[in-house]
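One-based numbering along the sequence shown. Just so we're clear, the structure is a prediction, and the values are computed from it rather than from any experiment.
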Amino acid sequence: HIRESDNVLIMGHKFSDLDSIGAAVGMWSVVTRGLHKPAFVVVNRAQSLAAPVISSIQDSVPEEPVFLSPSEALATVSPKSLLIVVDTHSQDFVESEELLSAVARVVVIDHHRMMVKHISNAIVFYHEPYASSACELVTELIQYIGDKAIGRLEAEALLAGIMLDTKGFVLKTGVRTFEAAAYLRRRGADTVEVKRLFSNNIETYKTKYQLISNAEIYKGCAIACAEEEIDGIRVAAAQAADELLSIQGVSASFVIYPTGNEMNISARSMGDVNVQVRFYGGELEHLTMAAAQMKGATTKQARQKLISILDENLSKASKMPVSAQPNK
């Protein structure tokens with residue numbers, strides 16, 4: 001399908017993270033260098049949580065654009081364009097729904113559990129919910145398509161995505177995960193440089209620990225709340241949710257924070273508590289890592305909704321036989 005295309009556009013989900021951008025960069029590299037077709041990564045850079053990766057990749061090839069905004073990408077669409085969607089299969093979560101509608105030929109590469117409202121017209125739907133990350137899936141594909149088509153920077157971007165979704169090779173990590181990481185290491189990925197891709201500025205660091213210091217423990221779940229929107233709150237909230245899992249006795253964490261007219265909930269789990277629960281219009285879509293949005297709600301209302309859902313789900317799980325509780 002790539003060889004039959006005039007150009008290839010690659011996009012992930014809204015508020016792209018290291019897994020989404022890493023997978024997109026990996027596909028961009030193998031398409032341009034392995035199959036010699038023009039390709040671009042479509043991303044809203046102002047809302048991306050993977051700015052260090054975007055900057056490092058673009059700076060490595062200053063003579064050619066790697067990343068396009070959704071509006072710029074729309075201008076390149078032709079009847080023979082191919083769109084590759086990575087790290088999501090939901091038509092509501094993609095970076096640009098308009099671009100998804102404009103391109104006739106779509107390929108999906110994702111590892112999240114199947115949602116009811118998914119992209120239904122894909123010519124290839126590569127869906128593996130047992131994979132650790134989209135970057136793991138893309139790393140495997142690269143070895144079949146063009147083994148030498150990625151360099152050190154692309155390998156580091158892919159490794160960063162795997163490390164993000166596995167929490168440093170702790171969660172959802174299988175043999176294939178380590179095999180993918182070993183291949184990326186052979187392609188030059190430097191673990192020290194990968195660690196730097198996770199670094200924050202001082203304000204985001206302070207926000208993260210402010211959230212953590214105000215957290216409470218409720219029935220084995222850590223809950224932290226922010227009353228107002230702060231610069232870098234999305235990154236700080238996700239990292240705070242990760243760190244709260246390191247507290248003894250905590251099996252899941254939830255960070256509630258506002259952005260615009262929405263209240264967001266960032267959820268994490270060690271696997272004992274299933275965070276695939278619904279919050280009004282949003283849906284938590286992954287067993288151990290997820291997010292949800294509540295429009296027009298206050299922090300207090302979002303917390304009350306969360307508490308009621310936890311009460312309902314945890315009480316149901318406690319009444320089930322132990323053999324039926326792998327994902328409480």
Side-chain angles (χ1 to χ4, degrees), residues 1-2 8-35 39-45 47-54 56-58 66-68 73 82-90 93-96 99-100 106-113 118-119 122 124-147 149-166 169 172-174 176-177 179-181 183-184 187 189 194 197-198 238 285-286 289:
H1 288 296
I2 291 171
V8 179
L9 301 170
I10 309 156
M11 73 172 172
H13 53 74
K14 296 174 183 176
F15 300 103
S16 53
D17 57 13
L18 288 171
D19 189 32
S20 176
I21 292 297
V25 163
M27 290 305 302
W28 165 81
S29 184
V30 78
V31 170
T32 56
R33 297 171 182 170
L35 300 175
F40 304 96
V41 176
V42 183
V43 62
N44 184 340
R45 297 180 68 163
Q47 295 182 344
S48 178
L49 307 182
V53 170
I54 293 173
S56 67
I57 296 297
Q58 188 59 77
V66 177
F67 301 92
L68 299 181
L82 178 68
L83 175 64
I84 301 177
V85 176
V86 297
D87 203 30
T88 185
H89 61 266
S90 168
F93 294 168
V94 294
E95 186 74 82
S96 172
L99 182 62
L100 179 63
V106 180
V107 170
V108 174
I109 304 170
D110 189 31
H111 69 114
H112 295 97
R113 62 180 280 267
H118 61 273
I119 298 170
V124 176
F125 196 95
Y126 183 27
H127 179 237
E128 178 51 84
Y130 294 103
S132 71
S133 55
C135 282
E136 178 184 316
L137 296 177
V138 168
T139 300
E140 291 179 343
L141 286 173
I142 286 170
Q143 295 174 69
Y144 287 102
I145 298 174
D147 184 47
I150 63 168
R152 178 181 62 84
L153 293 178
E154 294 80 22
E156 288 170 355
L158 286 160
L159 186 56
I162 294 174
M163 290 181 66
L164 174 74
D165 275 16
T166 62
F169 297 98
K172 286 183 67 67
T173 304
R176 288 168 57 181
T177 312
E179 289 174 346
Y183 166 74
L184 296 172
R187 295 304 303 152
V194 171
L197 295 175
F198 288 84
E285 62 158 27
H286 204 283
M289 181 170 62

Practice task
Check side chain to side chain contact (heavy atoms under 4.5 Å, CB included) between E128 and all other residues, then give those that pass, not counting sequence neighbours.
Solution key: Y130, A131, L137, R176
Handout entry: Non-neighbouring partners of A50 that pass side chain to side chain contact (heavy atoms under 4.5 Å, CB included), sequence neighbours left out
Key = L18, I21, S48
Fill in the blank from the handout: Residues at least two apart in sequence or cross-chain that pass side-chain hydrogen bond (donor to acceptor under 3.5 Å, both in side chains) with T177, listed by chain then number, are E136
Problem - Test item: S132 and D165 side chains (from C-beta on) under 4.5 Å apart, heavy atoms - result: no
Fill in the blank from the handout: Sorted by chain and number, sequence neighbours left out, salt bridge (Lys or Arg N to Asp or Glu O under 4.0 Å) with E154 holds for R33
Exercise for the section: Could you tell me which residues satisfy ring pair (Phe, Tyr, Trp, His ring centres under 6.0 Å) with H127, sequence neighbours excluded, listed by chain and number? Expected result: H89, F125
Handout entry: Sequence-distant partners of S56, side chain to side chain contact (heavy atoms under 4.5 Å, CB included), two or more places apart
Key = none
Problem - Under the side chain to side chain contact (heavy atoms under 4.5 Å, CB included) test, residues paired with A157 that sit two or more places apart - result: V25, V53
Handout entry: Pairwise side-chain contact, I142 with R187, heavy-atom cut-off 4.5 Å (strictly under)
Key = no
Handout entry: Heavy-atom check, side chain of I2 versus side chain of L82, under 4.5 Å
Key = yes
Exercise for the section: Output all residues satisfying ring pair (Phe, Tyr, Trp, His ring centres under 6.0 Å) with F198, sequence neighbours left out; order by chain, then residue number. Expected result: none
Exercise for the section: Would you please name every residue forming a side-chain hydrogen bond (donor to acceptor under 3.5 Å, both in side chains) with R45, sequence neighbours left out? Expected result: none
Practice task
State which residues pass side-chain hydrogen bond (donor to acceptor under 3.5 Å, both in side chains) with Y126; sequence neighbours excluded, sorted by chain then number.
Solution key: none
Problem - CD1 on I162 to OG on S133, rounded to 0.5 Å - result: 4.5 Å
Practice task
Flag the pair V138 / V30 as yes when at least one side-chain heavy-atom distance between them is below 4.5 Å, and no otherwise.
Solution key: no
Handout entry: Distance in Å, L197 CG paired with I54 CD1, rounded so as to fall on 0.5 Å steps
Key = 11.5 Å
